[in-house]
Undergrad: 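Just passing along the structure, written as structure tokens.
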Amino acid sequence: MPRTRTRTPRSRTRTHARTGLPFAALSMASASALLLAGCSQSSDASQKTADSAAPAATATGKKPAPFSEGKVKVALVRQSGAGDYFEQWGNGAKAQAKALGIDLTVYDAQADNAKQATDLSSAINSGAKTIIVDHGFPATIQPEIDKAVKKGIKVVVYDVETTNKSVVSTKQDDASMAQAVLDVMADELGKDAKVGYVNVAGYAALDKRDSVWKKTADTNGWEQAFKVGKVTDSTATDNVPLVSAALTQHSDVAGVFAPYDELAKGTVLAVQNKKLQSKVKVFGADVSNADIQNMTAKDSPWVATAGTDPSAVGAAVVRTAALELAGQLNKTSVEFPAVAITQDFLKSKKIENMDQLREALPALNLAKVSTADWIPNVAH
């Protein structure tokens with residue numbers, strides 16, 4: 001939590017891990033919600049994956065049933081969105097599935113709620129022993145989740161609010177993610193600063209981050225000069241005019257918090273368009289290759305973010321599903337820790353992409369989350 005003593009603005013390199021986390025990917029909380037994280041979208045059709053796996057740690061233990069009996073059929077039912085988060089998440093999931101000998105079928109509704117319900121129904125009828133649901137609108141998919149559970153299919157969800165107590169929930173701790181970067185913001189700006197805020201209500205993850213924002217802003221005596229933001233199929237681009245207009249009226253803000261990387265990208269462009277990059281610091285959330293490039297670009301005002309490695313998260317969700325299917329998970333929820341990442345750290349380590357960041361920040365590696373000696377662990 002932020003300290004109560006007065007701080008003077010200063011530059012600090014912070015890379016500590018936060019227990020209880022990502023990130024990035026955001027649960028939907030309204031029927032019209034678009035997914036808020038991500039990468040280039042994958043094919044619309046259901047497809048078998050044949051991607052090459054990332055390096056995996058060697059398994060030493062004996063495989064339990066059903067993995068000892070050959071390939072295990074698993075379905076991944078997704079709601080992917082714009083940006084590179086979802087692509088990396090999917091790559092990690094596919095790599096871990098291949099390492100485990102899982103026959104993985106991927107369905108991607110790409111922000112079509114009705115299609116995701118249909119995809120989930122298809123997965124139920126496909127003979128899959130386990131179904132992983134990656135994001136989605138609860139009201140649309142809950143009936144299908146209930147059907148899957150009733151048929152004896154193990155269901156693991158990621159960033160999906162579900163009322164079925166038989167479902168295993170996996171997620172990032174969005175409150176912890178927000179706190180990680182807001183601690184950096186407090187160090188940078190000090191007390192009683194004038195600040196801006198770019199966020200959207202109605203999304204579970206962003207609402208959790210908002211709660212932390214309010215408490216931190218109050219603790220530090222920050223004056224919120226403006227709040228703007230919207231989510232569209234081009235979130236970054238569509239937020240530029242909103243933030244630009246706000247900065248026209250409040251060009252004296254010292255920093256802006258935008259707790260989702262697409263919102264942060266739009267904020268950065270607006271700050272640069274108004275030629276305020278030497279005066280206004282941007283604090284975001286989530287991390288990806290594109291985010292790293294944005295933060296390390298010349299004169300970038302984006303000075304800090306917090307996030308998980310989406311590839312590592314995707315792999316960890318698959319491991320969680322494998323443990324549940326083998327009867328070895330013994331819990332109904334798994335959370336992934338986040339890491340605070342500063343621009344200074346990225347530049348000092350000459351980090352240009354996620355591979356280099358993983359090497360420089362071992363805390364991003366979720367190799368110890370949801371694992372066992374029989375699982376060939378894909379770290380990312």
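As a basis for the values below, the full set of heavy atoms in this structure was taken, side chains included, without hydrogen atoms, waters or symmetry mates. Everything numeric in this text was worked out from a predicted model, so none of it was measured.
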Undergrad: Does the pair K115/D108 count as a salt bridge with the N-to-O cut at 4.0 Å?
TA: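 Salt bridge absent between K115 and D108.
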Undergrad: Give the table of side-chain donor-acceptor pairs shorter than 3.5 Å for residues 237-247, with sequence neighbours excluded, one pair per line with atom names and distance.
TA:
unit_1 : atom_1 : unit_2 : atom_2 : d
D238   : OD2    : T232   : OG1    : 2.6
N239   : OD1    : K230   : N      : 3.1
N239   : ND2    : K230   : O      : 2.7
N239   : ND2    : T235   : O      : 2.8
S244   : OG     : V240   : O      : 2.8

Undergrad: Is a donor on one side and an acceptor on the other found under 3.5 Å between the side chain of D261 and the backbone of A264?
TA: no
Undergrad: Can you measure from CD1 (I141) to CD (Q116) and round to the nearest 0.5 angstrom?
TA: 4.5 Å
Undergrad: State plainly whether the residues R358 and D355 are in salt-bridge range, i.e. N to O under 4.0 Å.
TA: yes
Undergrad: Could you check whether N91 and E87, counting side-chain N and O atoms only, form a donor-acceptor pair closer than 3.5 Å?
TA: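 Result is no, nothing qualifies.
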Undergrad: Determine yes or no for a side-chain-to-main-chain donor-acceptor pair under 3.5 angstrom, with E324 supplying the side chain and L329 the backbone.
TA: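 No, the answer is negative, given that no donor and acceptor are paired below the 3.5 Å cut-off.
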Undergrad: Say whether, by atom type as modelled, one donor and one acceptor occur between the side chain of Q88 and the main chain of S311 under 3.5 angstrom.
TA: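 Side chain of Q88 to backbone of S311: no pair is present.
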Undergrad: Using the side chain to side chain contact (heavy atoms under 4.5 Å, CB included) criterion, which residues pair with K214? Sequence neighbours excluded.
TA: D210
Undergrad: Report yes or no: do Q293 and N289 form a side-chain donor-acceptor pair below 3.5 Å?
TA: no
Undergrad: Parallel under 30°, tilted from 30 to 60°, perpendicular over 60°: which one fits the rings of Y158 and H135?
TA: perpendicular
Undergrad: Under a 4.0 Å N-O cut-off, is there an ion pair linking D134 with K94?
TA: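 Judged by the 4.0 Å cut-off on N to carboxylate O distance, D134 and K94 do not form a salt bridge.
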Undergrad: Working to the nearest 0.5 angstrom, can you tell me the gap between I341 CD1 and I292 CD1?
TA: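 Rounded to the nearest 0.5 Å, the CD1-CD1 separation comes out at 7.0 Å.
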Undergrad: Quick one: are F257 and L182 in side-chain contact, heavy atoms under 4.5 Å?
TA: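 The answer is yes, as the side chains (C-beta and beyond) meet within the 4.5 Å cut-off.
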Undergrad: Apply side chain to side chain donor-acceptor pair (under 3.5 Å) to the pair Q179 and D183, showing each step before the final yes or no.
TA: CA-CA 6 Å; Q179 194 66 68; D183 281 354; 2.9 Å; yes
Undergrad: I need the M354 CE to D309 CG distance, nearest 0.5 Å.
TA: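 Rounded to the nearest 0.5 Å, the CE-CG separation comes to 4.0 Å.
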Undergrad: Please determine whether the number of non-hydrogen atoms from other residues, nucleotides or ligands lying under 6.0 Å from atom NZ of K227 exceeds 12.
TA: yes
Undergrad: Tell me whether the count of non-hydrogen atoms from other residues, nucleotides or ligands lying under 6.0 Å of NZ in K347 goes above 12.
TA: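 Atom NZ in K347 is packed in, count exceeds 12.
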Undergrad: Take D286 and R209 through the test salt bridge (charged side-chain N to carboxylate O under 4.0 Å, His left out) and record every step on the way to the result.
TA: CA-CA 12 Å; D286 308 317; R209 299 173 192 187; 3.8 Å; yes
Undergrad: Closest heavy-atom contact between N377 and A367?
TA: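 Between these two residues, the closest heavy atoms are ND2-O, 2.6 Å.
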Undergrad: Would you find more than 12 non-hydrogen atoms of other residues, nucleotides or ligands less than 6.0 Å from K349 atom NZ?
TA: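 No, the 6.0 Å shell around NZ holds no more than 12 heavy atoms from other groups.
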Undergrad: Minimum heavy-atom separation for R319 and V369, please, with both atom names.
TA: NH2-O, 3.0 Å
Undergrad: Within a strict 4.5 Å, meaning less than it, do heavy atoms of the Q142 and T163 side chains meet?
TA: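 A side-chain contact under 4.5 Å exists here.
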Undergrad: Please walk me through it: do Q277 and S300 pass side chain to side chain donor-acceptor pair (under 3.5 Å)?
TA: CA-CA 7 Å; Q277 55 266 43; S300 172; over 6 Å; no
Undergrad: Linking I/L/V/M/F/W/Y whenever any side-chain heavy atoms sit under 4.5 Å apart, do L269 and V280 land together?
TA: no
Undergrad: Tell me the closest heavy-atom pair linking A175 and V212, and the distance in Å.
TA: O-CG2, 3.5 Å
Undergrad: Does the side chain of S288 pick up a donor-acceptor pair with the side chain of D291 at under 3.5 Å?
TA: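 Distance-only check passes for S288 and D291.
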Undergrad: Please say whether more than 12 non-hydrogen atoms of neighbouring residues, nucleotides or ligands are located less than 6.0 Å from CD in Q328.
TA: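 Result for CD/Q328: enclosed.
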